[in-house]
Amino acid sequence: MTDTPRAAQATPALSAQYAPGEVEQRRYEQWVADGLFKADSSSDKPPFAIVLPPPNVTGSLHIGHALDHSVQDAVIRRKRMQGYETLWLPGMDHAGIATQNVVERRLAGEGVSRHDLGREAFVERVWQWKAESGGKILGQMTRLGDSVDWSRERFTMDEGLSRAVLTIFKRLFDDGLIYRAERIINWCPRCLTALSDIEVEHSDDEGELVSIRYGDGDDAIVVATTRAETMLGDTAVAVHPDDERYKHLIGTEVELPLTGRRIPIVADAHVDPAFGTGAVKVTPAHDPNDFEIGQRHGLPSLTMMDEHGVITVHGPFLGLDRFEARPAVVAALRAEGRIVAEKRPYVHAVGHCQRCNTTVEPRLSLQWFVRTEPLARAAGDAVRDGRVRVEPPELTKRYFGWVDNMHDWCISRQLWWGHRIPVWYGPNGEVVCVGPDDEAPTGEGWVQDADVLDTWFSSALWPFSTLGWPDETPDLAKFYPTSVLVTGYDILFFWVARMMMFGLYAMGGRQPFDVVMLHGMVRDQYGKKMSKSFGNVVDPLDWIERFGADATRFTLLRGANPGADVPVSEEWVQGARNFANKLWNATRYGLAGGATVEGELPTEGLSTVDRWILSRLQHVIGEVDQQFEAFELAKVCDTLYHFAWDDVCDWYLELTKPVLTGDDAEAKARTRRVLGHVLESLQRLLHPIMPFVTEELWTTLTGRPTVVRAAWPVADKELTDDAAEREVDNLQRVVTEVRRFRADQGVKPAQRVVARLEGLEAAGLAAHEGLIRSLARLDQGGGDFAATAKLAVGVGVTVELDTRGAIDVAAERARLTKDRAAAEKEADQCRAKLGNPAFTGKAPDQVVAKIRQRLEAAEADLARISSQLEAL
RNA sequence: GGGCGCGUAGCUCAGCGGAAGAGCACCCGCCUUACAAGCGGGGGGUCGUUGGUUCGAACCCAACCGUGCCCACCA
């Protein structure tokens, strides 16, 4: 057998290029078949649990999910390797309004409305959709390589979670934290349901502010509004109590135009005298502020619009849509001479339905609410007192701003898809909340509330309902509180704050998770948001198919520091694909060169180069551990990328070629063992980021069954070696400088360059002359050696070269002159600093010492460069 | 209207008090026996502007100019 590192001969097992498609599916199926992702709640190992933020069953996973999942998978895979009992629990969210809308749209394509089907049949259709869409999502997760425990998959509407919903609803109800009330809520006239505050998105829209005169003569009062049509529902005009202009009118009545009704003028401190005319029309049934004013003054609430936004008051406007009614009302007022100021454009914030973008209508209606004050305070305290850590910490301010100013949460939705509100109404006005173990009341006249709960109500239970709550299951005991919640900062409020509220409430004050890791949004290579209309959307499956799951994950994780948005592009995923291939080839080469993991790692007789790479490896392990603990996955990627590509591939593999092809069998054996160790350690370190290629390589290299449960590398201080690092660092500088010279001089690689190396001893490189010569392609100086260039390489080494007359003296002289100027400048700067008593007096000793060293180095460079210039 | 953040190489970003960095892009030279999805070399930034603190500022402070996001019931 031959020892030469010829890949083709020695390793038919690895092809010349990494082909992810061939590897990924096979590996994933094996992992699942072997139960490697299954958690054991009876294990003695310390627990580490993540619940997957359940994707909505509205469609398929997008690149943002791929980021979210990649972060979690990286974190959990490392913990699994570290010996924790890991649980990553998968599942999906029924996503009430979003899913209902999707299915309704599909039905519309068939010319059917949900009302044609009826409630039961419609819900059945949604379940069909869920089966279809959910299956697609699960398939995508396997393609990404998610190491989730499939045996514990949950759905927010499955039986167990429904029981959890009933349980907590009943408990909140009994504690007086859920109530039913007639309030102004956000209403979507298209979805025909109430919305919570967070389901409303505000945008600055241009409206028209018109001023309308109410009343006549001395009693006339002018109000301004952007929503003229609502004057039909006015039941008062309000002014500030101290406003001298209107004091005399307070308590009187004016005639409301177009209606013939007379309405009172009331004084309310809410009115800003400086805005507009200082007088406000009051429409309690259609404006939240006006509702408050109405409550304070006992005003009637007059509803003048139905759930579709159509005018319901009798008269010329009856049956008009709200947006048709607006100009119609203005026109009618103008005809009566009531418009006192011309309409003027006015930009103001208008709410839109998050799901369909319809302008939200504040509407007085009877809804169920959660009294959030005590829950939100606890949710804030858990972060304030450090029980829950938020990464990045900057986002805690936003979190506090939210939980400390939370309005009561409207939880009833006039939808069919969701958890039905477990409240029954009796024939005599009885209201009964039915718990999970209660019998629903039967008999004449009893009906269940028709509404369903806000989808976030069940999502808020996710970290414990999925573990079996309200039962005291082994899973709940073992894995609650979960270790970390990973999600995008965009749903900090929607979801995280609510899980905190319900988790603390349901679990006796125990937080749902110890850490919240918030990642950013995936953007394109110019930092732009991805959007269908912009055409810059990336389909993760497309990338997985073309570049592999590992490359896709690496591309995403390479930007995934806490709170940071993640720009991606096809060029970058190509780079990541190249990286996977680089690892592949490095291992292929290692195997061909006899890399092995058998036997103890030798400690005696190691070469400087071996000691150097082992030392570097220990530093890398330390850095990566730190970065992982801080969830700085972008830094993890960066550290490992450079270690793998620069240290291992570009230098270590090259530096060890002479040994591996040489005659010293013992030295060769040692290096083979070190090479094996470095490669397999690198594969273990990269496995959380790039699970597939590392699995394929590690199992091939080690002959062991899987890297999934291999031990995570631990840094060994014994193996760090500063001297070896310095030595190799010097060696690299010499080699690089010679290469630079050759490139500058246009010396062809094949062209013979005879050289004499001086000063190696002093630089500690005496033993490495051979390596330097081979890497820099320098020949031994022969009898006809005639130095034509003298090269100082900065570590006290001088290289005299004979390039057989090919030296461009002018170019080299110019470069040296430039270098000399730089060295002079450097020396001057250092001297100036050292001559400054303020600096030497106040700066730390090590800084001063550093400057001294710099000065010495600069002076040495000056001397060397000068002599070189003379020699040229 | 409040709050938060960001402006560093052509692009995307790291560095956050002691000599300006990475990836990609670009330029030059190479099929050197793991890898051309590669190898070697190189150019490119007065770190948004103006002041201040400091022996020393990309880094701390202030103002300004850009820009992004979140929250918000002034008609």
Side-chain angles (χ1 to χ4, degrees), chain A residues 4-8 11 14 16-18 184 197-198 202 209 223-227 230 238 270-272 274-277 279-283 287-292 346 348-349 351 362 394-395 397-398 401-402 405 407 489-490 492-493 521 523-527 547 558-559 561 563-569 571-572 574-575 577-593 634-635 638 641-642 649-650 653-654 657 661 736 739-744 746-750 775-777 826 829-830 833 836-844 846-848 850-851 854:
Chain A
T4 53
R6 296 289 302 249
T11 57
L14 294 186
Q17 262 188 10
Y18 174 51
I184 293 270
D197 289 346
I198 54 174
H202 294 268
L209 190 65
V223 299
T225 182
T226 53
R227 303 180 59 211
T230 62
H270 167 77
V271 178
D272 176 5
F275 187 90
T277 60
V280 184
K281 59 190 277 306
V282 181
T283 323
D287 182 280
N289 284 316
D290 294 4
F291 181 75
E292 297 289 322
Y346 179 72
H348 61 143
E394 300 90 85
L395 285 173
K397 288 176 205 157
R398 273 192 200 179
W402 172 256
N405 299 293
H407 295 133
Y489 60 65
D490 56 330
L492 181 61
F493 307 132
M521 306 294 111
R523 294 172 178 273
D524 74 8
Q525 61 193 305
Y526 305 109
F547 305 106
R558 198 174 204 180
N561 280 333
D565 284 344
V566 181
V568 300
S569 80
E571 281 166 356
W572 302 349
Q574 277 172 18
R577 184 267 319 262
N578 295 354
F579 180 50
N581 195 47
K582 188 76 179 173
L583 294 170
W584 182 266
N585 276 302
T587 306
R588 196 160 69 99
Y589 164 81
L591 282 164
K635 291 186 184 173
D638 194 58
Y641 181 90
H642 283 112
C649 290
D650 286 350
L653 296 187
E654 297 302 326
K657 274 178 181 171
T661 54
T736 301
R739 284 173 173 169
R740 194 222 91 246
F741 176 83
R742 297 184 60 127
D744 277 2
V747 180
K748 297 288 173 198
L775 289 177
R777 295 170 167 271
E826 166 79 356
Q829 278 176 356
C830 291
K833 275 205 156 183
N836 181 354
F839 170 72
T840 47
K842 292 193 182 182
Q846 54 199 53
V847 174
V848 177
K850 222 167 151 187
I851 301 291
R854 276 172 52 192

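This one's a predicted model, so the numbers in the text were calculated from it and none came from an experiment. Residue numbers start from 1 in every chain, and the chains themselves are labelled A, B, ... in the order their sequence lines are given, proteins ahead of strands.
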So which protein N/O to nucleotides 38-41 of chain B N/O distances come out below 3.5 Å?
residue	atom	partner	partner atom	Å
B:rG38	OP1	A:Asn578	ND2	2.9
B:rG38	O3'	A:Lys582	NZ	3.0
B:rC39	OP1	A:Lys582	NZ	2.6
B:rC39	OP1	A:Trp645	NE1	2.8
B:rC39	OP1	A:Asp650	OD1	3.3
B:rG40	O3'	A:Arg739	NH1	3.4

(request) Report the residues that fulfil side chain to side chain contact (heavy atoms under 4.5 Å, CB included) with A:Asp744, sequence neighbours left out, ordered by chain and then residue number. (result) A:Arg740, A:Arg815
(request) Compare side-chain N and O positions of A:Lys657 against OP1 and OP2 of B:rA34 and report whether any pair is under 4.0 Å apart. (result) yes
(request) With P as the reference atom in both, quote the distance from B:rU67 to B:rG56 in angstrom, rounded to an integer. (result) 35 Å
(request) Sticking with atom C1', work out how far B:rC61 lies from B:rC16, rounded to a whole angstrom. (result) 14 Å
N/O to N/O distances under 3.5 Å, protein versus nucleotides 7-11 of chain B:
residue	atom	partner	partner atom	Å
B:rC11	O2'	A:Gln525	O	3.1

(message) Under the rule for ring-ring contact (aromatic ring centres under 6.0 Å, His included), what residues qualify as partners of A:Trp402, not counting sequence neighbours?
(response) A:Phe493
(message) Going by salt bridge (charged side-chain N to carboxylate O under 4.0 Å, His left out), name the residues that satisfy it together with A:Asp565, two or more places apart in sequence or in a different chain.
(response) A:Arg523
(message) Rounding to an integer number of angstrom, what distance separates B:rA20 and B:rU46 when you compare their C1' atoms?
(response) 12 Å
(message) Restricting to side chain to side chain contact (heavy atoms under 4.5 Å, CB included), what partner residues turn up for A:Cys649, sequence neighbours left out?
(response) A:Lys582, A:Ala586, A:Leu653
(request) Could you tell me whether A:Asp272 contacts a base, only the sugar-phosphate backbone, or nothing, with contacts defined as non-hydrogen atoms closer than 4.0 Å? (result) base
Please enumerate all protein N or O atoms sitting under 3.5 Å from an N or O of nucleotides 17-21 of chain B, with distances to 0.1 Å.
residue	atom	partner	partner atom	Å
B:rA19	N1	A:Glu826	OE2	3.2
B:rA19	N3	A:Glu826	OE2	3.0
B:rA19	N3	A:Arg854	NE	2.9

(request) To the nearest 0.5 Å, tell me how far A:Ile184 CD1 sits from A:Phe291 CZ. (result) 6.0 Å
(request) Using a 4.0 Å heavy-atom cut-off across all strands, classify A:Gln17 as base, sugar-phosphate, or nothing. (result) base
(message) Among residues at least two apart in sequence or on other chains, which ones pass ring-ring contact (aromatic ring centres under 6.0 Å, His included) with A:Phe579?
(response) A:Phe554, A:Tyr641
(message) Taking B:rG18 as the reference, what is the distance to B:rA58 when you measure between their P atoms (whole Å, please)?
(response) 10 Å
(request) With C1' as the reference atom in both, quote the distance from B:rG44 to B:rU49 in angstrom, rounded to an integer. (result) 23 Å
(message) Over all strands shown, is A:Val568 touching base, sugar-phosphate only, or nothing at heavy-atom distances under 4.0 angstrom?
(response) nothing
(request) Find which nucleotide of RNA chain B each of A:Lys635 and A:Ala586 is nearest to by heavy atoms, and output the residue with the more 5' nucleotide. (result) A:Lys635
Would you tabulate the pairs of protein nitrogen or oxygen atoms and nucleotide nitrogen or oxygen atoms of nucleotides 1-6 of chain B closer than 3.5 angstrom?
residue	atom	partner	partner atom	Å
B:rG5	OP1	A:Lys397	NZ	3.4

(message) Checking A:His348 now: which residues fulfil ring-ring contact (aromatic ring centres under 6.0 Å, His included) with it, not counting sequence neighbours?
(response) A:Tyr346
(request) Using the test side chain to side chain contact (heavy atoms under 4.5 Å, CB included), find all partners of A:Asp524 that sit at least two apart in sequence or belong to another chain. (result) A:Tyr526, A:Lys528, A:Asn536
(request) Can you run through RNA chain B from 5' to 3' and write each base as (, ), [, ], | or . depending on how it pairs? Watson-Crick or G-U wobble, both distances under 3.5 Å. (result) ((((((((.[[[[.)..(..]]]].(((((.......))))).....[[[[[..)....]]]]])))))))....
(message) Between B:rG23 and B:rG15, how far apart are the two C1' atoms, rounded to whole Å?
(response) 15 Å
(request) Please work out if A:Arg523 contacts a base, only the sugar-phosphate, or nothing of the nucleic acid, heavy-atom cut-off 4.0 Å. (result) nothing
